[in-house]
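Since the structure comes first, as structure tokens, the remarks are kept for the end.
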Number of protein chains: 2
Amino acid sequence: MARRSDHTREEIHLMALEAAEAIASQEGLSGLSARKVASKIGYTVGTLYLVFRNLDDLILQVNDRTLSQLYQEMERVSAKPKKPEACILALSHTYIEFASNNTARWSMIYEHVLEDDFVLPAPFQQQVQQMFALVENALRPLGKNKSDREIAQAARALWSGIHGICLLALTRKLDIAGIDSVQDLADTLTVNFLNGFREN
Amino acid sequence: MARRSDHTREEIHLMALEAAEAIASQEGLSGLSARKVASKIGYTVGTLYLVFRNLDDLILQVNDRTLSQLYQEMERVSAKPKKPEACILALSHTYIEFASNNTARWSMIYEHVLEDDFVLPAPFQQQVQQMFALVENALRPLGKNKSDREIAQAARALWSGIHGICLLALTRKLDIAGIDSVQDLADTLTVNFLNGFREN
DNA sequence: CGCATAATTGAACAATGTTCAATATGTGCT
DNA sequence: AGCACATATTGAACATTGTTCAATTATGCG
């Protein structure tokens, strides 16, 4: 038995999240179980429930970390100065590449379905908004006469669209294969959308 | 006990699919269990396994029926003569309305994750291609100089995009609410995309 | 009427999330 | 040093899941 005070609550918390990430990466959401996570960090199920409210809680926190990683990669790309169109294409490529390299964890964000009454935790919502903000910033120079509301709307539309392509392709519900064709599809959506969106 | 020959295999098969649809509509995929379906049609678990290979098989068949319904509604809309842009907007509205009115069953198509090695049954693939065909047909008049490949690519890109909007909105991963805003978002995507896609 | 055939059952198994009394362990006090 | 208290950790228990298959029961035929 793990001896008392071998690890603080915080340490156990972190260890569990990392273990869960490893399991989810290899076996997907359906392969993730409380007992597996517990045994991987050298504790038993009970301990997990001292640190997380339940499995949903743990999954939500793993997803939050994944989203955070994705955001950081996008921010890094977005920081390099580029023409607006190139910036959006680069963001889209980064998104797709992340989803492609971390398919299991990325899918988990969307596979995990919330209870009917459940409201997303604030940090999670903020992550999403931060991501949209990157797209909005890149979009703004292309629509100088457009209102903030229109820019926000466009960013959401375009990004949800890219997300949809990514999702259908990587979950193999679409009859396409390979990361290149995903990129191509996303480029098609982006280029045509920007052509229509751009003013002049 | 249900008496022998009360129902043929085919009847049991159909009853099970309908029962599963009802359960899924009310409780979602996670509320669907073999025992629930069985008891709802007055049989026991064992019987279900004479008619379906396993639960995944049953779910896949339910999804196939859902997709078929969706396709029929879209085809009905697509049959009425309209200008290309109006046609695509109408198709998108139909899609969103169906997803909105049958959220649980529609989500189930995408929530149900396939094994790594699993290949989608041919009928399922055909359904998807049929749906894309409707979009392609509406798109063709707008891109008279474009190749079939380009049209197909555009249809997939746009439609996956609309799907993405629908999915993020209805699963509440986006910070928007209500069917109207979903329609608005989808319209934004469509209108800008078509503006960019259209030739002249 | 009885027997063979086949339809239907439901007990059994392994695995799941979750709880909580019981136990092991470290800390502090005398 | 030893003892007692507090608490970290456990793991057995429960309900539920998918899936299998020997046992049972109803039916139609001879």
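This is a predicted model, so every value here is computed, not measured. Residue numbering restarts at 1 for every chain, and letters A, B, ... go by the order of the sequence lines.
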Does [X] reach a base, just sugar-phosphate, or nothing at all? Heavy atoms under 4.0 Å.
X: B:L48; value: nothing
X: B:L32; value: sugar-phosphate
X: A:T47; value: base

Does the side chain of A:R156 reach to within under 4.5 Å of the side chain of A:E136, using non-hydrogen atoms? yes
With a 4.5 Å limit on heavy-atom distance, are the side chains of B:Y110 and B:L29 in contact? no
Closer than 4.0 Å, any side-chain N/O of [X] to the OP1 or OP2 of [N]?
X: A:Y49; N: C:dT19; value: no
X: A:S33; N: C:dT16; value: yes
X: B:R53; N: D:dT19; value: no

Whole-Å distance between [N] [atom2] and [X] [atom1]?
X: B:L50; N: C:dT5; atom1: CG; atom2: C1'; value: 15 Å
X: A:E10; N: D:dA8; atom1: CD; atom2: P; value: 12 Å
X: A:H13; N: D:dT9; atom1: NE2; atom2: P; value: 15 Å
X: A:L55; N: C:dA15; atom1: CG; atom2: P; value: 17 Å
X: A:L58; N: C:dT18; atom1: CG; atom2: P; value: 10 Å
X: B:K36; N: D:dT17; atom1: NZ; atom2: P; value: 6 Å
X: A:H7; N: C:dT25; atom1: NE2; atom2: C1'; value: 16 Å
X: A:E27; N: C:dA15; atom1: CD; atom2: P; value: 13 Å

Is a donor-acceptor pair below 3.5 Å formed from side chain B:R35 to base D:dT19, judging by atom type as modelled? yes
Return the nearest nucleotide to the side chain of A:Y43; candidates are C:dA7, D:dT9, C:dT9. D:dT9
hydrophobic_cluster_shared for A:L142 and A:I151, side chain cutoff 4.5 Å: yes
Any donor-acceptor pair under 3.5 Å from A:R172 side chain to B:F118 backbone: yes
Looking only at the side chains, is there a donor atom on one of B:D187 and B:Q183 sitting less than 3.5 Å from an acceptor on the other? no
5'-most contact on DNA chain C (nearest-nucleotide basis), A:A34 vs B:G46, goes to B:G46
